[in-house]
*Asks:* 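Could you have a look at this structure, given as structure tokens, before my questions?
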Amino acid sequence: MRITSLLASGALVLAVAGCVQSQPSNGYYGQPSNPLQTQGGRAVAGAVLGAAVADATDENMVAGAALGALAGGASCGLAGLPPCY
């Protein structure tokens, strides 16, 4: 049961990570084309992954989601990762 929820959560994150907003031809909006290019998008993905890992390891899912969201949001300033917009 736990591995199933972990795999389902991973599939959901990969599906959301593949979403791309269409940009106008002139590029006026200036929005990132990938949700993981924003701090909020990374925080949401971190929360989902943190909750899935906590559930798989029989830990507190709320704490796992909170720590995952913090780690995902903080990943915008790390060297070697794409910048956030």
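Keep in mind that the numbers below use all heavy atoms, side chains included, and drop hydrogens, waters and symmetry copies. Note that the coordinates shown come from a computational prediction; the quantities given were computed from them, not determined experimentally.
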*Asks:* Can you name the nearest heavy-atom pair linking C76 to Q39, along with the distance?
*Replies:*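 Distance-wise, the nearest heavy atoms are SG-CA, 3.6 Å.
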*Asks:* If I take atom CG from residue L49 and atom CZ from residue R42, how far apart are they, to the nearest 0.5 angstrom?
*Replies:*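 Going from CG on L49 over to CZ on R42, the span is 13.0 Å.
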*Asks:* Partners of E59 by side-chain contact (heavy atoms from CB on, under 4.5 Å), sequence neighbours excluded?
*Replies:*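 Only A54, T57 meet the side-chain contact (heavy atoms from CB on, under 4.5 Å) criterion with E59.
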